[in-house]
Amino acid sequence: MATDPQLSSDATDHDGRRQASGWSGWSGWLVPGWVVLLSMLLLGPALAPGFVLTYDMVFVPRQDLLPASIGLGGGLPRAVPQDAVVAVLTTVIDGAWLQHAVLLAIPILAGMGTARLVRSAGRGAQLVAATLAIWNPFLVERLVQGHWALLLAYAATPWAIASAIRVRTTGAGATALIGWCALGALVPSGGILVVVVAVPLALIGGVADAKRKGALAVSAIAVNLPWILPALLHPDEGSADAAGASVFALRSEGPWGAAVTALGGGGLWNADAVPASRETPISLVLTVLVFAAAIAGWPSLRRMLGRAVAGWWTAIAILGWAMAVASALAPTVWADVITSVPGAGLARDSHKLLAPLVLLIAVTAALGLRRGWQRVSDVTARRSLIVAGVLIPIALLPDAALGVGGRLSAVDYPAQWHQMRQFFADQQESGDVVVLPWSTFRVFDFNAGRTVLDPAPRWLPRTSIAADALPVSRGGGIVVVPGDDPRSGVLGRTLDDGRPLSEVMPELGARWVLVESAQRPEPEPQALAGLEPVWQEGDLAVWELPVATPVDAQPLPSGAWLVIVVDLLVLLGLAMIIVTRLVMVGAGMTRIGSSKRRRRR
């Protein structure tokens with residue numbers, strides 16, 4: 001039977017004898033204090049006032065709830081329901097504060113979650129596991145790339161595993177597990193990650209009855225419906241092209257190849273988001289040391305969590321590693337799989353598949369190092385070994401500190417962006433907004449020249465049509481990954497043909513064009529022919545079709561009503577869960593207070 005990771009904070013060996021970790025005199029705040037300190041060291045200037053704008057991570061002061069936010073726009077629901085959640089939350093909290101909360105939550109949840117899983121191994125193992133879960137290439141590279149919702153799912157996974165073990169061993173904890181699944185389901189890849197790793201642990205075997213398991217399975221699927229249904233309604237559901245499979249394949253960091261890179265949690269397709277130390281021999285040293293400790297610690301994981309839990313987690317981790325490596329070593333075969341298997345497009349960014357392995361190695365490496373320091377009888381020497389186990393990962397990935405060397409730093413939007421939003425909010429006519437230049441990313445002076453996804457679509461209080469094809473540098477050339485929004489495709493072809501946008505805008509439901517000057521590629525003058533300039537402030541300008549021009553309103557896709565109803569039902573269900581949990585916590589605190597008062601009497 002697996003040991004419940006909530007039961008004890010003292011270490012025990014396989015004979016049941018207590019093993020002092022060397023930290024018995026320290027207070028219980030040691031582990032959470034270290035996790036918070038390490039999180040702040042990692043984020044550094046990202047916690048300053050303002051917005052962190054890096055590649056795909058774009059927050060704005062207020063984001064509106066638009067059809068695309070719930071997957072009813074033209075493209076695939078890649079940021080669904082992420083954008084809808086942000087839109088709702090920014091009605092009550094400024095987007096900058098929300099982003100800061102999210103950024104802090106990622107390392108703190110990841111560190112405390114892995115520490116919780118090894119709680120019975122003592123505080124030394126908790127410190128090492130938390131450090132490895134926070135300070136690793138996977139988390140750092142994804143932070144720079146801006147994939148915060150995926151990282152929330154990564155951080156939720158250890159908590160989901162702990163909840164699944166509780167369901168398995170006691171029959172309780174299903175509500176918490178559903179909550180972690182919901183947090184992971186902010187984006188499709190995150191939802192799949194949490195469900196695949198944790199939910200089967202609760203469903204296969206254990207003490208829970210069939211009725212409870214069935215309800216859990218249905219609930220785990222239900223919290224993912226907000227992105228599943230729009231994906232099924234999209235004409236290009238789950239599809240991917242060969243160019244995308246090639247571009248997003250795992251990338252070797254250093255001469256030791258993709259397999260070793262993946263063992264260390266690295267290999268993100270965007271080389272510009274990778275810390276410089278990852279391509280030096282110290283990254284190889286870190287990978288070898290940590291992986292060796294993980295191999296030594298796996299038997300302890302099996303004894304601690306049970307054979308079934310350890311076996312399933314390990315199998316998923318190995319499968320993810322093998323698929324990621326295959327994308328680099330057999331790109332043609334990988335592209336065939338991605339383009340031919342329905343739904344396989346979700347795995348085209350193969351680096352995401354390493355998340356279960358990174359978390360598994362964090363836990364097992366901590367247990368492996370614990371086996372080593374348990375053999376040391378001197379308390380001072382044991383503590384020194386624990387400190388070394390905590391500091392070595394940081395020393396061998398030094399450029400992760402302080403916002404990855406300042407790459408994650410907060411900035412303010414110029415006032416003209418606020419004014420632009422207000423202009424569109426004041427407009428009474430219907431119609432969408434075309435955003436120029438016709439490129440996906442921007443490089444702004446106010447953002448210190450860092451690349452970021454165009455923030456205009458999130459600033460605008462109405463639907464926008466922007467470029468969704470992604471040009472990526474590969475092998476000295478540029479590979480373009482096609483987009484999936486039909487309206488975007490029409491506008492792109494119009495610009496390529498040198499024709500005015502005004503020819504196709506009315507039938508596409510667009511009335512305005514927002515031009516961000518000083519960005520590349522600058523639109524050709526004929527692109528704006530037939531439009532009238534109506535507003536300009538700084539680098540932003542708005543052009544409009546003549547007022548008398550009729551604009552065809554774009555209908556919602558068929559089945560939209562089903563998406564809306566399901567979203568409302570899922571939201572209602574999660575609200576009921578939250579309220580129930582709060583009531584239970586309040587009742588528990590009341591009982592504890594009453595018990596203390598009775599003892600004092």
Counting only N and O atoms by type, is there a donor-acceptor contact under 3.5 Å from the side chain of [X] to the main-chain atoms of [Y]?
X    : Y    : result
W135 : L397 : yes
W313 : A198 : no
D399 : G405 : no
T90  : Q63  : yes
S350 : L250 : yes
S327 : A249 : no
W159 : L109 : yes
Y154 : I106 : no
E253 : G266 : no

Could you check V187, I192, L186 and say which one makes a side chain to side chain contact (heavy atoms under 4.5 Å, CB included) with S189?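 So, applying the side chain to side chain contact (heavy atoms under 4.5 Å, CB included) to S189 and each of V187, I192, L186, only V187 qualifies.
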Using the side chain to side chain contact (heavy atoms under 4.5 Å, CB included) definition, which of the options V566, D83, D567, L229 pairs with I70?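 Only match with I70 under side chain to side chain contact (heavy atoms under 4.5 Å, CB included): D567.
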Might you point out which heavy atoms bring [X] and [Y] nearest each other, and give the distance in Å?
X    : Y    : answer
L353 : M323 : CD1-CB, 3.7 Å
T287 : G264 : OG1-CA, 3.6 Å
A121 : A125 : CB-CB, 3.7 Å
V363 : A129 : CA-CB, 4.5 Å
R371 : A296 : NH1-O, 2.7 Å
C181 : V195 : SG-CG2, 4.2 Å

So [Y] and [X], do their side chains get closer than 4.5 Å, heavy atoms only?
X    : Y    : result
P188 : P77  : no
L360 : L301 : yes
I134 : S39  : yes
L103 : F59  : no

Working for side chain to side chain contact (heavy atoms under 4.5 Å, CB included), residues R251 and H351: CA-CA 8 Å; R251 192 186 64 87; H351 181 251; over 6 Å; no
Ring centroids only, cut at 6.0 angstrom: are H147 and Y55 within range, meaning strictly under it?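 That pair fails the under 6.0 Å test.
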Quick one: CD1 on I295 to OG1 on T364, what's the gap to the nearest 0.5 Å?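 I295 CD1 to T364 OG1: 7.5 Å, rounded to 0.5 Å.
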Donor-acceptor list for residues 200-216 side chains, cut-off 3.5 Å, not counting sequence neighbours:
from	atom 1	to	atom 2	distance (Å)
D209	OD1	K211	N	3.3
D209	OD1	R212	N	2.7
R212	NH1	G171	O	2.5
K213	NZ	L203	O	3.2
K213	NZ	G205	O	2.7

Mind telling me whether F248 and W269 have parallel, tilted or perpendicular rings, with 30° and 60° as the class edges?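 Ring orientation of W269 relative to F248: perpendicular.
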Testing the 3.5 Å rule here: is there a donor-acceptor pair between the side chains of S163 and R166?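 Their side chains do not contain a donor-acceptor pair, so the 3.5 Å distance test is not met.
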